[in-house]
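Okay, so here's the structure we're looking at.
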2 protein chains.
Amino acid sequence: MTEKVGEGLKGQDVILGLLMEKARTGYEIKQEFESLFPDFFVATFGTIYPTLNKMEKEKYITKEVIHQEGKPSKNVYAITEKGKEVFYDYLKSPLEQKMIRFDFFMRLYFNQYITSEELVKWIDQEIEQTKITLQRLEETIQRSDQWNEGQLFCWELGIKINRIFLESLKEAREKFSHSS
Amino acid sequence: MTEKVGEGLKGQDVILGLLMEKARTGYEIKQEFESLFPDFFVATFGTIYPTLNKMEKEKYITKEVIHQEGKPSKNVYAITEKGKEVFYDYLKSPLEQKMIRFDFFMRLYFNQYITSEELVKWIDQEIEQTKITLQRLEETIQRSDQWNEGQLFCWELGIKINRIFLESLKEAREKFSHSS
DNA sequence: TCGAGCATGTAACCCGTTACATGATTAC
DNA sequence: GTAATCATGTAACGGGTTACATGCTCGA
């Protein structure tokens, strides 16, 4: 059948995109991931640092070590011409399907195998998580008046969807806590 | 920092869950993934068949070969007691954060590096994709009157979100095709 | 005759996660 | 005193993807 879901959007593509704007440290990149893409790309240090090192070896980026007083030294990475090419190659590649693994929905689907107390506990956790995402998106949108139309579209839609999700979650909480 | 995003919801967990209901072939499992979870878990044969083989070796499932006339033989897998335990272990494990990689949003965020023709092309592709997902969800919801509350919640919410997504996508198409 | 549907499999590779490891400063 | 913030890194492992491989039937 040989079916492709996607060679996939990789952490590397997004990191290069962020470095297109300006030079950054791994730590800063992590923070940008959290504020910019809380809802459509999650990355941890375990992905970011190894990717940064790999890309430096392949000359996609250069490293400059900045010594700081009272704080650890930091590595500021800047994109090279070769790195820009790699980023443009990503943009030229075919659009990939979104890739989702939604544990909460999965457990809801299998709710017949658990108690409703557990289910309500998960709903509460999901509510908390959604509130955090929503807050991050709202803060990001206000962070600058320089966002372009495409970026605003991402966050406005993210906010819309998360609000509906939150609403439905609260309704579900009612429903399932009564049926226990 | 040692941050955990999630040991993750694995394909194995979902496959075991499906086998809790009834014995199935790999091919059927693939179809269930497409109709049941088009929006919250994507799996291909490249994941399903190796997982099935691995689980058979570990005695989580048993295989029965069914010979068919005019069609290839098929392997029907049934869950064992050990497999059920593994599935319950999954349900007992902490709820994981959803894991998303949304290529379309990523490209929209980086829209300054591309032409608006390309952007509109991607929007059109995303519109098509969303329509397919929506259709699958609507078909699934009508497939049976036996769905329980949790399952209905998943699909109703999925439909709600995809409708809003589709609407916004159409608006975006207007906006970006005029600005070109 | 060509594509779609039915049906399964494996080897190589790569990406990402987890766990481990370090260490200073600031605020409560 | 202890948690949070700043700041980076690596080794081992595992899950998943891609590419490759096979082959029959039915309808257009």
Side-chain angles (χ1 to χ4, degrees), chain A residues 1-16 24-34 41-58 63-77 90 93-94 96-97 99-101 103, chain B residues 1-16 24-34 41-58 61 63-77 86 90 93-94 96-97 99-101 103:
Chain A
M1 195 95 182
T2 312
E3 199 181 353
K4 204 177 51 192
V5 171
E7 29 187 279
L9 171 64
K10 281 167 284 182
Q12 178 177 289
D13 304 319
V14 188
I15 294 173
L16 284 176
R24 287 177 159 103
T25 68
Y27 198 82
E28 284 164 358
I29 289 169
K30 175 67 164 36
Q31 289 176 319
E32 293 291 24
F33 268 96
E34 274 166 15
F41 202 108
V42 179
T44 55
F45 287 124
T47 308
I48 294 167
Y49 287 125
T51 304
L52 250 12
N53 287 324
K54 201 202 97 204
M55 291 201 294
E56 199 208 343
K57 270 178 212 143
E58 292 178 35
K63 176 166 78 174
E64 192 196 351
V65 181
I66 309 265
H67 297 284
Q68 303 179 110
E69 280 168 51
K71 281 183 189 175
S73 295
K74 59 184 183 181
N75 307 337
V76 180
Y77 294 95
Y90 153 63
S93 73
E96 300 292 344
Q97 247 192 73
M99 135 60 152
I100 306 193
R101 283 195 181 177
D103 196 15
Chain B
M1 196 94 182
T2 312
E3 199 180 353
K4 205 178 50 192
V5 171
E7 29 186 278
L9 170 63
K10 281 167 284 181
Q12 177 177 288
D13 304 319
V14 188
I15 294 172
L16 284 175
R24 286 178 159 104
T25 68
Y27 198 83
E28 283 163 359
I29 289 169
K30 175 67 165 29
Q31 290 176 318
E32 294 290 24
F33 269 96
E34 275 166 16
F41 202 107
V42 180
T44 55
F45 287 125
T47 308
I48 294 168
Y49 287 126
T51 304
L52 250 11
N53 286 325
K54 201 202 97 205
M55 291 201 293
E56 198 208 343
K57 270 179 211 141
E58 292 178 36
I61 55 178
K63 176 166 80 175
E64 193 197 349
V65 182
I66 309 265
H67 297 284
Q68 304 179 110
E69 281 167 51
K71 281 183 191 178
S73 296
K74 59 185 184 181
N75 307 336
V76 179
Y77 293 95
V86 175
Y90 154 63
S93 74
E96 301 293 344
Q97 249 192 71
M99 137 59 152
I100 307 193
R101 286 202 175 171
D103 195 15

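Throughout, a chain's letter reflects where its sequence line sits, starting with A, and its residues are numbered from 1. Side chains are part of it too, since the values below use all heavy atoms of this structure and drop only hydrogens, waters and symmetry mates.
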Closest-nucleotide 5' rank along DNA chain D - winner of Ser73(A) and Pro50(A): Ser73(A)
Looking only at side-chain atoms of [X], point me to the closest of [options].
X        : options                  : result
Tyr49(A) : dT5(D), dG9(C), dT10(D)  : dT10(D)
Lys10(A) : dG16(D), dG16(C), dC6(C) : dG16(C)
Lys74(B) : dG9(D), dA7(C), dT17(C)  : dA7(C)

At under 4.0 Å between heavy atoms, what does [X] touch on the DNA or RNA strands: base, sugar-phosphate, or nothing?
X        : value
Glu28(A) : nothing
Gly26(B) : sugar-phosphate
Phe41(B) : nothing
Thr25(B) : sugar-phosphate
Gln68(A) : sugar-phosphate

Quick one: ring-ring contact (aromatic ring centres under 6.0 Å, His included) partners of Phe33(B), sequence neighbours excluded?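 Counting only residues at least two positions away or on another chain, Phe33(B) forms a ring-ring contact (aromatic ring centres under 6.0 Å, His included) with Phe37(B), Phe41(B).
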Overall bend - the helix from dT1(C)-dA28(D) to dC28(C)-dG1(D), comparing terminal axes fitted on five pairs, nearest 10 degrees: 50°
Using modelled atom types only, decide if a donor and an acceptor are shared between the side chain of Asp13(B) and the backbone of Lys10(B) within a distance under 3.5 Å. yes
Take the protein atom [atom1] of [X] and the nucleotide atom [atom2] of [N], then report the distance between them rounded to whole Å.
X        : N       : atom1 : atom2 : answer
Ile48(B) : dG9(C)  : CD1   : C1'   : 13 Å
Glu32(B) : dC6(C)  : CD    : P     : 13 Å
Lys54(B) : dT8(C)  : NZ    : P     : 19 Å
Asn75(A) : dT22(C) : CG    : C1'   : 15 Å
Arg24(B) : dC6(C)  : CZ    : C1'   : 17 Å
Phe45(A) : dA11(D) : CZ    : C1'   : 19 Å
Leu52(A) : dT10(D) : CG    : P     : 11 Å
His67(A) : dT25(C) : NE2   : C1'   : 18 Å

Between the CG atom in Asn75(B) and the CG atom in Asn53(B), the distance rounded to the nearest 0.5 Å is 8.0 Å
Rounded at 0.5 Å granularity, tell me how far CD1 in Ile48(B) sits from CD in Gln12(B).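 Reported value, rounded in 0.5 Å steps: 13.0 Å.
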Would you say dT10(C) has OP1 or OP2 under 4.0 Å from some side-chain N or O of Asn53(B)? yes
Any side-chain N or O of Thr47(B) under 4.0 Å from OP1/OP2 of dG15(D)? no
According to side-chain hydrogen bond (donor to acceptor under 3.5 Å, both in side chains), who are the partners of [X], at least two apart in sequence or on a separate chain?
X        : answer
Lys63(A) : none
Glu32(A) : Arg24(A), Arg143(A)
Glu58(B) : Tyr60(B)

5' priority, DNA chain C, between Lys63(B) and Gln31(B) [closest heavy atom]: Gln31(B)
If you assign Val76(B) and Arg101(B) each to the DNA chain C nucleotide with the nearest heavy atom, which residue ends up on the more 5' nucleotide?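 The answer here is Val76(B).
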Report the residues that fulfil side chain to side chain contact (heavy atoms under 4.5 Å, CB included) with Thr25(B), sequence neighbours left out, ordered by chain and then residue number. Tyr27(B), Glu28(B), Lys74(B), Val76(B)
